[in-house]
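Reading through the structure tokens given below for one structure.
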Amino acid sequence: NATLRSKISKLQVLSETQADKMKKLEKKLEENKIKEEKEAQDLEAMVQHVEQNLQLMTKRAVKAENSAAKLRQENALLQVQLRNYKAENEALQLGQAGLAAAKQNAELALQHLLRVTTSSRASIRQLLSGAESLQLVADLLKSIDRISEVSEDGQ
């Protein structure tokens with residue numbers, strides 16, 4: 001009996017020790033489960049955050065592509081305008097060269113007109129002088145006619 005009691009007592013101590021170990025292991029298992037659940041939640045939150053960031057980045061990329069397309073179109077339009085402005089500028093420069101030539105021709109024509117006007121004035125003065133001389137001669141001839149008429153009447 002004593003041996004059995006001793007064995008029972010040892011078995012009870014062993015059973016209590018194993019029960020304590022089992023409680024510790026169950027507690028540790030529960031802590032590990034809690035820790036794993038927390039890590040899983042953290043990972044899930046991180047995955048959701050990454051997914052949100054990806055969605056935002058996708059939206060930004062789409063906006064950037066749209067913006068780049070618009071900028072390409074605007075750039076093409078601006079290049080067409082630039083070509084048109086360059087052509088217009090060249091035409092204006094050619095027009096200015098033509099204008100300068102026309103101005104020079106007008107200047108030459110003006111000089112010729114001034115010379116012609118000056119010589120015309122001199123010719124007109126001569127004509128007027130000649131006309132006055134002719135008038136004087138005509139008046140003299142009339143006077144001579146009158147004198148000869150008076151002489152014929154008086155004879």
Side-chain angles (χ1 to χ4, degrees), residues 16-155:
E16 286 176 10
T17 306
Q18 286 181 350
D20 285 341
K21 277 186 182 180
M22 202 159 128
K23 283 182 184 177
K24 286 180 185 177
L25 287 173
E26 284 176 352
K27 188 177 178 183
K28 202 171 196 180
L29 180 65
E30 191 64 33
E31 287 174 358
N32 284 342
K33 279 183 183 179
I34 292 171
K35 188 177 178 181
E36 284 180 8
E37 284 177 11
K38 187 176 185 282
E39 286 176 358
Q41 288 173 354
D42 288 345
L43 282 173
E44 190 174 330
M46 211 180 335
V47 166
Q48 287 177 353
H49 185 69
V50 168
E51 285 176 353
Q52 288 173 350
N53 284 343
L54 284 173
Q55 287 174 352
L56 286 174
M57 289 172 69
T58 303
K59 287 179 184 177
R60 286 181 192 160
V62 168
K63 282 183 183 179
E65 286 176 9
N66 290 338
S67 178
K70 286 179 185 177
L71 288 173
R72 276 189 226 106
Q73 287 176 346
E74 189 176 335
N75 187 20
L77 288 174
L78 289 174
Q79 287 192 358
V80 168
Q81 281 182 343
L82 178 64
R83 279 189 232 114
N84 290 340
Y85 289 149
K86 282 182 179 179
E88 186 178 337
N89 189 22
E90 288 175 8
L92 286 173
Q93 287 176 347
L94 290 174
Q96 284 179 347
L99 183 63
K103 206 174 188 181
Q104 188 175 10
N105 288 341
E107 186 69 32
L108 284 173
L110 177 65
Q111 289 174 1
H112 288 296
L113 279 174
L114 288 174
R115 278 191 224 124
V116 168
T117 304
T118 304
S119 65
S120 296
R121 283 185 185 155
S123 297
I124 290 172
R125 281 188 200 120
Q126 286 177 352
L127 280 173
L128 285 174
S129 173
E132 287 174 5
S133 297
L134 286 175
Q135 185 68 41
L136 187 62
V137 169
D139 288 342
L140 278 173
L141 288 175
K142 278 185 187 178
S143 297
I144 291 174
D145 259 353
R146 283 187 203 152
I147 293 174
S148 60
E149 282 178 17
V150 173
S151 316
E152 285 179 11
D153 286 341
Q155 241 184 17

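Computed over heavy atoms, backbone and side chain alike; hydrogens, waters and symmetry mates excluded.
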* To do: Mind checking the CG-CG spacing from D139 to L134? Nearest 0.5 Å is all I need.
  => 11.0 Å
* Asked: How many angstroms lie between atom NZ of K21 and atom NZ of K28, to the nearest 0.5 angstrom?
  -> 12.5 Å
* Structure fact -> Sequence neighbours excluded, the answer for side-chain hydrogen bond (donor to acceptor under 3.5 Å, both in side chains) partners of R115 is H112
* Pairs involving residues 97-109, ordered by first then second residue, that meet side chain to side chain donor-acceptor pair (under 3.5 Å) (sequence neighbours left out) -> none
* Distance (rounded to the nearest 0.5 Å) between L113 CG and T118 OG1 -> 10.5 Å
* **Spacing of D20 atom CG and E16 atom CD [to the nearest 0.5 Å]** => 7.5 Å
* Gap separating the OG atom of S133 from the CG atom of L128, nearest 0.5 angstrom -> 10.5 Å
* Asked: Which residue pairs satisfy the salt bridge (charged side-chain N to carboxylate O under 4.0 Å, His left out) criterion with at least one member in residues 76-97, sequence neighbours excluded?
  -> none
* **Spatial distance of atom OG (S120) from atom CZ (R125) [nearest 0.5 Å]** => 11.0 Å
Could you tabulate the donor-acceptor pairs under 3.5 Å formed by side-chain atoms of residues 72-80, not counting sequence neighbours?
none

Side-chain atoms of residues 42-69: list all donor-acceptor pairs with protein atoms under 3.5 Å, sequence neighbours left out, distances to 0.1 Å.
residue : atom : partner : partner atom : Å
H49     : NE2  : N53     : ND2          : 3.4
T58     : OG1  : L54     : O            : 2.6
N66     : ND2  : V62     : O            : 3.4

